[in-house]
Amino acid sequence: MAEEKTRVLENKPGWIASINPWVLRIVNNPERVAFVLHRVTGILMALIIMAHIYVTGTPAHTGWEAWVEEISKAQGFSLVTLYFFFFAGIAWFHGLNGIRLLLVEFFGVCIGKPEKPKPPYLAPSLKACQRKLLYLVFLLWPILWALTGYIVFFK
Amino acid sequence: MTFDAQAATRTPPKKVIFRIRRYNPEKDKTWWEEYEVETYRGMTILDALLKIKEEIDHTIVMRYSCRMGVCGSCGMVVNGMPRLACQTQISEVASEAKPVIELEPLKNHPVIKDLLTDFTKFFNKHRSVKPYLIRKNKEEVEKGDAEFIMTPEEHKELYEYTLCIACGLCYSACPVAASDDRFLGPQALTYVWRYVSDPRDEAWKERLEAVDVEEGPWSCHYAASCSAVCPKMVDPGAAIQRLRSALIKYKLGLFKKKTAKKAEIPKEQIKPKKPLPPESKLVEGVDIEAMDKAPVEIPIEELIS
């Protein structure tokens with residue numbers, strides 16, 4: 001008699017679902033919010049860099065003079081300024097959070113020291129200075145983005 | 001996982017609706033089913049599930065054993081957060097405003113039926129990191145004629161990692177394990193660091209070289225969800241970062257391993273010391289030392305007569 005194979009549900013959310021905040025709603029975990037934002041900004045930066053390479057590579061096909069003429073039209077408020085503004089926002093978050101991650105992931109600092117469990121049973125790394133650095137990133141990000149917006153739009 | 005003492009002492013809503021994600025392997029069908037349960041103060045999710053199984057629907061399947069957060073069998077996703085059903089009180093997750101609790105099987109673990117998940121892959125990964133002490137000279141362990149000394153500070157460095165009960169909550173919360181099946185996962189990597197940092201272990205080089213692969217600590221992105229859901233405060237997120245940092249140091253030749261001193265067990269039996277009298281006066285007005293020195297007066301004559 002042939003053995004019946006037990007059927008199981010794989011139950012793997014996948015990487016797209018892993019950045020969906022509604023798949024898992026873990027309390028006291030702003031690091032996961034930072035992880036999602038870091039991943040999204042990273043993907044956007046990769047796309048922007050590819051678009052940037054395409055745009056700056058255009059003179060090879062159209063000729064330098066025609067390209068300079070086309071680019072010089074983009075003065076004042078335009079799609080190009082909006083692009084710079086959004087790129088600045090993406091780059092500021094990715095850069096600031098990247099510094100925090102470098103400290104934590106490669107130097108193993110800012111994650112606290114192991115300790116014996118005591119109420120309210122919060123893991124040491126979640127109350128270490130990496131958490132303070134994360135709040136600093138969330139504070140600095142809009143400030144720096146707004147400053148960059150001021151320079152892009154009004155200077 | 002933070003313990004909310006105030007929420008645990010609150011009285012839960014009188015009636016709570018349990019929305020349970022069920023799975024029938026015979027029909028390969030998944031659906032949500034609702035049950036209304038009357039609660040009492042101090043009732044846990046597991047208590048409610050057992051009540052559902054006994055009184056409403058006998059077909060519901062879940063796994064549990066100790067009922068006190070020690071065995072790690074009853075892990076499930078409660079309102080979007082992996083938790084132990086026996087350790088979670090209804091008052092912590094349901095309120096009068098929203099008396100609904102959603103229960104799902106643990107993510108990243110294959111579902112056998114309803115809330116019952118298959119831990120075979122998870123335990124295989126755990127087994128693959130050799131979660132036990134390894135000494136080069138096996139005889140010294142087998143004979144048992146020596147003791148490996150660890151200072152209290154060294155013990156404190158690894159104590160929290162020894163509390164792991166392999167409940168799989170960290171693996172369920174991990175966004176990397178959600179997309180990469182080969183990733184060893186927070187639990188197995190925590191065990192690697194637990195033994196690498198143990199001064200008594202002598203296989204640290206082999207352990208570090210074995211995890212220096214893509215599916216090792218390099219895949220971790222530090223979302224710290226593993227540390228946030230751990231019911232035993234093990235902090236797997238920090239353990240992985242320490243392991244990664246140790247790997248970098250090892251590659252650069254800067255990693256220093258602490259080694260335990262070997263103490264011979266004395267052949268002669270140690271005589272127990274005479275206990276000393278307590279230093280402070282236990283009872284007000286009674287001098288223990290004076291009483292100890294004073295001769296014992298037994299009224300023999302009175303006793304004989």
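Letters go in sequence order (proteins before strands), and every chain restarts at 1. Just so you know, these numbers use all the heavy atoms, side chains as well, and skip hydrogens, waters and symmetry mates.
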Asks: Between A/Phe107 and B/Ser245, what is the shortest heavy-atom contact and its length?
Replies: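 Shortest heavy-atom contact: O-OG, 3.6 Å.
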
Asks: Which atoms of B/Tyr159 come close to chain A, meaning under 4.5 Å heavy atom to heavy atom: side chain ones, backbone ones, both, or neither?
Replies: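 Looking at B/Tyr159, just its side chain touches chain A.
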
Asks: How long is the span from the CG atom in A/Leu122 to the CG atom in B/Asp235, to the nearest 0.5 Å?
Replies: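 Answer rounded to 0.5 Å: 9.0 Å.
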
Asks: For chain A, which candidate among B/Glu26, B/His109, B/Glu104, B/Lys249 shows the most heavy-atom pairs at distances under 4.5 Å?
Replies: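 Max contact count across the listed options: B/His109.
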
Asks: Measure distances from B/Leu243 to the heavy atoms of chain A and classify the residue's part below 4.5 Å as side chain, backbone, both or neither.
Replies: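 Neither part.
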
Asks: Within the distance-only criterion (no hydrogens, no angle test), does the side chain of A/Arg32 pair as donor or acceptor with the backbone N or O of B/Ser225 below 3.5 angstrom?
Replies: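 A pair under 3.5 Å: no.
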
Asks: Is chain A contacted by the side chain of B/Glu153, its backbone, both, or neither, given a heavy-atom distance below 4.5 Å?
Replies: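 For B/Glu153, there is no contact with chain A at all, as no heavy atom is under 4.5 Å.
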
Asks: With only heavy atoms counted, which part of A/Val33 is less than 4.5 Å from chain B, the side chain, the backbone, both or neither?
Replies: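 Neither part, no heavy atoms under 4.5 Å.
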
Asks: Any side-chain heavy atom of A/Pro114 sitting closer than 4.5 Å to one from B/Arg242?
Replies: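 Result yes, sub-4.5 Å side-chain heavy-atom pair found.
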
Asks: Inspect the surroundings of CZ in A/Phe84 and state if more than 12 heavy atoms from other residues, nucleotides or ligands are less than 6.0 Å away.
Replies: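 Incorrect, the count does not exceed 12.
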
Asks: Sub-4.5 Å heavy-atom contacts with chain B: which residues of residues 40-48 of chain A show up?
Replies: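 So no residue qualifies.
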
Asks: Scan residues 159-188 of chain B for pairs that pass salt bridge (charged side-chain N to carboxylate O under 4.0 Å, His left out), counting only residues two or more places apart or in two chains.
Replies: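 For residues 159-188 of chain B, and leaving out neighbouring residues, the salt bridge (charged side-chain N to carboxylate O under 4.0 Å, His left out) pairs sorted by first residue read A/Lys12-B/Asp181, B/Lys121-B/Asp181, B/Asp180-B/Arg182, B/Arg182-B/Glu214.
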
Asks: Identify the heavy atoms of B/Pro82 and A/Ile26 that sit nearest to each other, and give their distance.
Replies: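 Smallest interatomic distance, heavy atoms only, reads CD-CG1, 4.2 Å.
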
Asks: Taking side chain as everything from C-beta outward and backbone as N, CA, C, O, which of these in A/Phe106 sits under 4.5 Å from a heavy atom of chain B? Side chain, backbone, both or neither.
Replies: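 Interface part for A/Phe106: both.
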
Asks: Around atom CH2 of A/Trp92, are there more than 12 heavy atoms of other residues, nucleotides or ligands at under 6.0 Å?
Replies: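 Count not over threshold, so no.
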
Asks: Does anything in residues 71-85 of chain B pair up under salt bridge (charged side-chain N to carboxylate O under 4.0 Å, His left out), and if so which pairs, sequence neighbours excluded?
Replies: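 Checked against salt bridge (charged side-chain N to carboxylate O under 4.0 Å, His left out) - neighbours excluded - the pairs reaching residues 71-85 of chain B are B/Arg83-B/Glu92.
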
Asks: Hey, could you give me the OH/NZ distance between A/Tyr121 and B/Lys232, rounded to the nearest 0.5 Å?
Replies: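 Taking OH in A/Tyr121 and NZ in B/Lys232, the distance rounds to 9.0 Å.
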
Asks: What part of A/Leu101 gets within 4.5 angstrom of chain B, counting heavy atoms only: side chain, backbone, both, or neither?
Replies: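 A/Leu101 touches chain B through side-chain heavy atoms alone.
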
Asks: Can you tell me how far NZ of B/Lys156 sits from NZ of A/Lys113, rounded to the nearest 0.5 angstrom?
Replies: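 A/Lys113 atom NZ to B/Lys156 atom NZ measures 8.0 Å (nearest 0.5 Å).
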
Asks: Counting only heavy atoms closer than 4.5 Å, note whether B/Ser172 contacts chain A via side chain, backbone, both or neither.
Replies: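 Contact with chain A: backbone only.
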
Asks: Going by residue number, which parts of residues 125-151 of chain A are within reach of chain B, meaning a heavy-atom gap below 4.5 Å?
Replies: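 Checking residues 125-151 of chain A against chain B gives A/Ser125, A/Leu126, A/Gln130.
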
Asks: Where is the tightest heavy-atom contact between A/Ile111 and B/Ala238, given as atom of each residue plus distance?
Replies: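 For A/Ile111 and B/Ala238, the tightest heavy-atom pair comes out as CD1-O, 3.8 Å.
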
Asks: Give, as side chain, backbone, both or neither, the part of A/Val23 having an atom under 4.5 angstrom from any heavy atom of chain B.
Replies: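 Both parts, heavy atoms under 4.5 Å.
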
Asks: At a 4.5 Å cut-off on heavy atoms, which part of B/Ala239 comes close to chain A: side chain, backbone, both, or neither?
Replies: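 For B/Ala239, neither part sits under 4.5 Å from chain A.
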
Asks: Could you walk me through whether A/His38 and B/His221 pass side-chain contact (heavy atoms from CB on, under 4.5 Å), step by step?
Replies: CA-CA 10 Å; A/His38 199 80; B/His221 294 288; over 6 Å; no

Asks: Taking all non-hydrogen atoms of both residues, which atom of B/Pro105 and which atom of A/Asn11 are closest, and how far apart?
Replies: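 Heavy atoms only, the tightest pair is O-ND2, 3.9 Å.
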
Asks: So do the side chains of B/Met81 and A/Asn29 get within less than 4.5 Å of each other, counting heavy atoms only?
Replies: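 Side-chain contact under 4.5 Å: no.
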
Asks: Picking from B/Cys220, B/Pro110, B/Pro175, which has the most non-hydrogen pairs under 4.5 angstrom with chain A?
Replies: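 Highest number of pairs under 4.5 Å: B/Pro175.
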
Asks: Does A/Phe86 have more than 12 heavy atoms from other residues, nucleotides or ligands lying within 6.0 Å of its CZ?
Replies: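 For A/Phe86, atom CZ is not crowded (no more than 12 foreign heavy atoms under 6.0 Å).
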
Asks: Answer with side chain, backbone, both or neither: which region of A/Pro13 has an atom nearer than 4.5 Å to a non-hydrogen atom of chain B?
Replies: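 The answer is both parts of A/Pro13.
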
